[in-house]
Protein chains: 2
Amino acid sequence: LAVVVLGPQAWWFSEEEVSEALGGAPVVRAGHKDFPDGETYVRLPLELRDVKGEDVLVVQSLAPPQDKSVWQLLLLVEAAVGAGARSVLALVPYLAYARQDKRFLPGEPVSVKVLLKSLAAFGARALFTIDAHSPKSLEHFGGYYENVLLFDELAKAVASGEGGWELAVIAPDAGALERAKALAEALGASYDYLEKYRDRLTGEVKVKPKALSVRGKVVVIADDVISTGGTVALAARSVLEQGAEGVVVAASHALMAEGAFAKLSEAGVKAVYALDTLPPKEGVRYVKCLKPSLRRVALSGLFKL
Amino acid sequence: LAVVVLGPQAWWFSEEEVSEALGGAPVVRAGHKDFPDGETYVRLPLELRDVKGEDVLVVQSLAPPQDKSVWQLLLLVEAAVGAGARSVLALVPYLAYARQDKRFLPGEPVSVKVLLKSLAAFGARALFTIDAHSPKSLEHFGGYYENVLLFDELAKAVASGEGGWELAVIAPDAGALERAKALAEALGASYDYLEKYRDRLTGEVKVKPKALSVRGKVVVIADDVISTGGTVALAARSVLEQGAEGVVVAASHALMAEGAFAKLSEAGVKAVYALDTLPPKEGVRYVKCLKPSLRRVALSGLFKL
């Protein structure tokens, strides 16, 4: 009475892992291709598993190229509704466009609203996502949603990798402090956020923790997404100058755009810990996100086996 | 009381041309960029022209990369609604995904429905498009729509380029016959469609007109979209073998995917006539689509200057 459909942007998750986490639920992969002119095509493999009258969970991360991933997700939801699914749920490990959650400048769209409302418009009944940039923006979805936080899982990996050192968890800015706090609590570490200041001698913009001393500690820079790595590289350089013993990064999502890994390495970052919400990238130490997320799907009672 | 916003995929249209066709309406271009991680950004230049309380016409073609173009269009509509527009209209010269207008195989989405319903969900009140693959599919939009046909304009260009020859307008298949008929009537020419047959000697699949002889005539292959050019190239070779004096193509939309022009030239096609609904490509003789389309927008009474 329930089936999981892995979308094109869920290729790095194994069917066995998904099925096991959901008590043996059937799992299929959606067919997909691009037409020669560039249009996106997806298809549910109904010949393998019919979805009529069933609860369908679509798993699709909104990895780059984001617009294609978004479009594949919307098409899969419509296909499931069109095939007679009883209800359609979406597990979106990485929610793209989450940072455009308000009109920062007049004339801008609220991109995350466009995404969430489209998803709801095509019949998605529930949305599960992991550490959305702004949890409040998920209200645009309208239906049932859960913002799954996996700081305990991240903390476990950081603690095991950096054992023996005194840790200090640092948020790149005040807005990300809640995330640093949650991770610090899971690690039993102190936490703070970085403030910008201008060096009086050189005129350079630098950053330092608001109150915490990092001297002799291993700093864990905590953020939701590592994109180009620019912000984190600046932070890493600064805390090393301020006497930190070492720097690692812990993020929910590792976009790691072209060149990000080199940028972080050059800045002295010795490890990047992230959930596997996005396709695997070189140099990242991954923490599996699927099992605990699927547990939340099961607990919601919306996906009945 | 009305303003035209040219989206990123309308760059080949001039502001003067648009303004003139709409009796001097103000025209602005939307700002746009891609973030380093690949996300799409658009913005209405409200500092140039406020849209509060006004009718806003968004012009955006769904050119490749289609998913980004679709997303830009949805974001622009949301931005206009968010900026307080009285109503938002969309002129979409080329409607992508129009060919996926039904579930050809079980498990498929109806992609054009997803596109049109999203557009309506974000507050687009009216949709104007040019020669949609399946006009009936536009009903998914829900609101007011017009499918603008510009066969007279195309015919004028073909007649002027191929003057002096007897013309025969040929549709690549029976489904496209209505389009060929409309063009033929505008040209005062005969028309037919191609049927497949298997060559008894070689076993090869070939095509020929159902009834019409093409001997000594210039054949005008009429289609809605030239994508890879494969179908048209086969048709061109066949009618030349059957004694046609020459072959030209007349299409509403010239996607002309990588290599299409060479494929057509090799097959003996001596000219491609198309509306400028898509970014300009080498070797295509363009017929301007904007003025007659905008006339229809003005006549609808929905865009009040």
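Quantities reported herein were computed from a predicted structural model and do not represent experimental measurements. Chain identifiers are assigned alphabetically (A, B, ...) following the order of the sequence lines, protein sequences preceding nucleic acid strands; residue numbering begins at 1 within each chain.
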**Message:** Heavy-atom pairs under 4.5 Å with chain B: which of A:Pro109, A:Ala79, A:Ala96 has the most?
**Reply:** A:Pro109

**Asked** Which atoms of B:Thr228 come close to chain A, meaning under 4.5 Å heavy atom to heavy atom: side chain ones, backbone ones, both, or neither?
**Response** side chain

**Asked** Checking A:Asp276 side chain against A:Cys289 main chain: does a donor-acceptor pair fall under 3.5 Å?
**Response** yes

**Prompt:** Looking at side-chain heavy atoms only, is the closest gap between A:Val225 and A:Tyr94 below 4.5 Å?
**Reply:** yes

**Request:** Just give me the residue among A:Gln66, A:Glu39, A:Arg43 that pairs up with chain B most often, heavy atom to heavy atom, under 4.5 Å.
**Result:** A:Glu39

**Prompt:** If you tally heavy-atom pairs under 4.5 Å against chain B, which of A:Ala257, A:Gly84, A:Ser227, A:Gly82 wins?
**Reply:** A:Gly82

**Message:** side chain to side chain donor-acceptor pair (under 3.5 Å), that's the test. Do B:Asp67 and B:Tyr97 meet it? Break it down for me.
**Reply:** CA-CA 10 Å; B:Asp67 300 334; B:Tyr97 290 105; 2.5 Å; yes

**Fill in**
Of the listed A:Ala83, A:Ser118, A:Gly31, A:Ala260, the one with the largest count of heavy-atom pairs under 4.5 Å with chain B is A:Ser118

**Message:** Between B:Val81, B:Leu62, B:Leu76, B:Val42, who has the most heavy-atom pairs with chain A when the cutoff is under 4.5 Å?
**Reply:** B:Val42

**Asked** Non-hydrogen atoms of chain A under 4.5 Å away: do they reach the side chain of B:Pro65, the backbone, both or neither?
**Response** neither

**Within-4.5 Å side-chain heavy-atom neighbours: B:Leu119 and B:Val77** = yes

**Item:** Residue part contacting chain B, namely of A:Pro106, when any heavy atom lies under 4.5 Å
**Value:** both

**Message:** Quick one, B:Met256 and B:Leu264 - any side-chain contact, counting heavy atoms below 4.5 Å?
**Reply:** yes

**Prompt:** By a 4.5 Å heavy-atom criterion (distance strictly below it), what part of A:Val70 contacts chain B: side chain, backbone, both, or neither?
**Reply:** side chain

**Prompt:** Would you say the side chain of B:Arg99 lies within less than 4.5 Å of the side chain of A:Asp37, judging by non-hydrogen atoms?
**Reply:** yes

**Item:** For chain B, the option from A:Glu47, A:Glu108, A:Gln100, A:Gln72 that forms the most heavy-atom pairs under 4.5 Å
**Value:** A:Glu108

**Message:** Run the side chain to side chain donor-acceptor pair (under 3.5 Å) test on B:Ser87 and B:Asp55 for me, step by step, so that the C-alpha distance in whole Å, both residues' side-chain angles and the decisive distance to 0.1 Å come before the verdict.
**Reply:** CA-CA 5 Å; B:Ser87 77; B:Asp55 296 328; 2.9 Å; yes

**Under 4.5 Å from a heavy atom of chain B, the part of A:Leu115 involved** = both

**Asked** side chain to side chain donor-acceptor pair (under 3.5 Å) between B:Ser134 and B:Asp101: does it pass, once the steps are laid out?
**Response** CA-CA 7 Å; B:Ser134 144; B:Asp101 58 351; 3.1 Å; yes

**Heavy-atom check, side chain of A:Val92 versus side chain of A:Val58, under 4.5 Å** = no

**Request:** Below 4.5 Å from any heavy atom of chain B, which atoms of A:Leu255 appear? Answer side chain, backbone, both or neither.
**Result:** side chain

**Complete:** Counting heavy-atom pairs under 4.5 angstrom with chain B, the leader among A:Thr40, A:Asp50, A:Val110, A:Asp34 is A:Thr40

**Message:** Can you tell me which portion of A:Leu46 sits under 4.5 Å from chain B's heavy atoms? Options are side chain, backbone, both or neither.
**Reply:** side chain

